[in-house]
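One structure is given below, encoded as structure tokens.
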Number of protein chains: 2
Amino acid sequence: MSLRPQDVIRRKRDREKLSRDEIASFVRGAVDGTWADYQSSALLMAVFLNGMTDDERHHLTEEMLHSGEVLDFSDISKPKVDKHSTGGVGDKTSLILAPLAAACGVCVPMISGRGLGHTGGTLDKLEAIPGFRVQLSLEEFRRLLERIGFAMIGQTGELAPADKKIYALRDATSTVEAIPLIVASIMSKKLAAGLDALVLDVKTGTGAFMREEERARELAQALVATGNSCGVRTEALITDMNQPLGRAVGNALETKECIEILRGEVTEETRPVLELSVELAARMVALAGTETSLESARSAVLRALSSGAALELFRRNVEEQGGDVKVCDDPTRLLPLTLRSVKVESPQEGFVTGVDAAEVGRAVAIMGGGRTHMADRIDPAVGYLTRARIGEKVSRGDELGTLCFHDERLGRMAAEIIRAGYEISEKPPAELPTLIKEVITA
Amino acid sequence: MSLRPQDVIRRKRDREKLSRDEIASFVRGAVDGTWADYQSSALLMAVFLNGMTDDERHHLTEEMLHSGEVLDFSDISKPKVDKHSTGGVGDKTSLILAPLAAACGVCVPMISGRGLGHTGGTLDKLEAIPGFRVQLSLEEFRRLLERIGFAMIGQTGELAPADKKIYALRDATSTVEAIPLIVASIMSKKLAAGLDALVLDVKTGTGAFMREEERARELAQALVATGNSCGVRTEALITDMNQPLGRAVGNALETKECIEILRGEVTEETRPVLELSVELAARMVALAGTETSLESARSAVLRALSSGAALELFRRNVEEQGGDVKVCDDPTRLLPLTLRSVKVESPQEGFVTGVDAAEVGRAVAIMGGGRTHMADRIDPAVGYLTRARIGEKVSRGDELGTLCFHDERLGRMAAEIIRAGYEISEKPPAELPTLIKEVITA
């Protein structure tokens, strides 16, 4: 059957449900050029405005997934399970939960991304470690998974190539924020790693892609439904992103925080990172079936932390991916950090009632710690260490946090942006943010 | 001010009103490439689904109009006035009303189109006359307007080039049938001829672009509002297209019918063509201000017909545009006609209660009389002569009409399509179609 692009576009334009064949025609056509880019983008806008049914979203995901190679780790006997976060500020759990989960006997084939805009990316954090290579071949990836149980690599052109093509069009045509398109993009890339189970961390709040909790819930439900309909056991947590997660924002600072947590060095400020990492890792282990209950999975994960087993796996991973393993013993000396820093001070007395986490992320990006365009180079050393959390009482001149920078002018700009991002009120906030707000299961 | 395409797209996507600058950025960008085609098409889909305000539609029309040359006939002292039809089957009034109006003292700089799909085009009808050239230079066009008062040429690349670019994108992305886009396309091309006044013939019914009268009215109102807001006195008639207009469908047959009407040879079957041509011409003359009332304009137009003045202008036009003037004296001998014909017979006794005029147009196109693609060549000779009109009583075997064809196989296919397009019922229709349904004025 030959499907004309304009007929498929017209049917979505007229709110009709597209068939699997029609969706396949679009996905294949977008990649092989039988759909012109202007036809693909017209369909994307029609999908943005008219939505998709669960079936259409499922078919879009499957077609994008099968636009490229799907990895087959069936020769590795452990269950394959991963985590995906929709992105936040200071969101560094991957570096902790991957070795935690691997230490509990699951295989974590983690294909990660880079930071863009105000959000950070796992690959950039790993590359703060001197020598660490994220561009492994698929053969190296497989070997690491066999030996260590986890590995963290960058997206390759062989996996879900349709997503790369379609995402570029969405980015240029303001059709990014459509739930079916977000779901198909996330899930096609993640499922291409040949997973048995997947845990999603859907962020909501001032530093999240989905600021409103209702929209985050809608996205989480669609992700969980699609994962399960594609045969992958999938759960989602909706978690708070109304302030940076943990203490550090910035690549080397975040990596340092992760290593310290894996070393058991947890402070009041970094405890939320540990808490969320443990919960995500426990759900990965439970969903994989390696532990029989969520409770026993939590215990197993905590044992992997306290025994040093997770740190040992992390150390072996750093070594295998070319990084300097001494970073695990002395992260402060071995990670690139700035020589200059300045306190961001509270302009008045009161309670911290809000933080614009996206502005914190943007301030770090301005200093060189993030990207506006994918081609931008990152300065791993710069960043921000948060001190005051929502609900805390501060006096005028008290430290809200500390900026680490190289360039005085950019540092001043960043301090100004961050200071303006804090809301200091006479009265304490009505309630403190709950880190884990909701669990969405199939 | 620099406007990013994705920001303009996002605002229309979110149902915000676009500014003149934003619309200008799109129109210029679509032509000069600063907007990628996939960005233009995403905006077109957003406009299709979210609509445009009167102001936005006005700005889109003006920006498309000024994307190219706007003709200036101010050295011709007569008022410049034209007619535009949204297209139909057997719709041949241009060839009659242009000389009628010109004979009444107005200047008719008519820039016409070609047929596509089931609708015919004025240029194809004129080219049925041996030697007739429609691709005149703008200098020749001007000279003819000065000498004769009217001329009929094809669209040139210099007028409203944005429309050509945007129309091609709309055609490929199923975004044709959006009223603001239709209005801007029609009006930018028409107003580029430097008009003082414009009369629109908006067709509705089985052979029209707008089948539903309500949609035709909506389009007519938008066209009239936009014409007037652009400084051109504009009126619209909503006219019936529930059966072919007049007797002939097919290029040479239609031209023959027009010449016969200009010669005063009017039959019962061709009277509606004369009636509509006179009304449109009279409104052109009245709107131009050449006559003080519509009544006196109608009288003047009828005098131009009965005196032979309009036929004489038509003859001079044929001569100046390179055609064989003898066609005006003996159209039957000089126009290309087919040697073969066959009657389409009524399969049963009853009353004609409906005709699918679009199917009649498509049947003629299949025989070679129309185009599926703009590059297709036309056979001017083939066509269909309607006999039975809506409301007529027919017996089984009575002639519904006669097909004129070259190729037996295509002729049989066309006869089948046309026969199936007639609705023959036991009872007469509740009411007969009214030719002129409504007048829309500013």
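Chain letters run A, B, ... following the sequence lines, proteins first, then strands; residues in each count from 1.
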Could you grab the distance from atom CE of B:M45 to atom CG of A:L43, nearest 0.5 Å is fine?
7.5 Å
B:A192: what forms a side-chain contact (heavy atoms from CB on, under 4.5 Å) with it, not counting sequence neighbours?
B:L65, B:L159
All inter-chain donor-acceptor pairs under 3.5 Å (chain B, chain A):
from, atom 1, to, atom 2, distance (Å)
B:Q6, O, A:S174, OG, 2.4
B:R13, NH1, A:S174, O, 2.8
B:R13, NH1, A:E177, OE1, 3.0
B:Y38, O, A:S41, OG, 2.5
B:Q39, NE2, A:A172, O, 2.8
B:S41, OG, A:Y38, O, 2.5
B:S41, OG, A:S41, OG, 2.7
B:A172, O, A:Q39, NE2, 2.8
B:S174, O, A:R13, NH1, 2.8
B:S174, OG, A:Q6, O, 2.4
B:E177, OE1, A:R13, NH1, 3.0

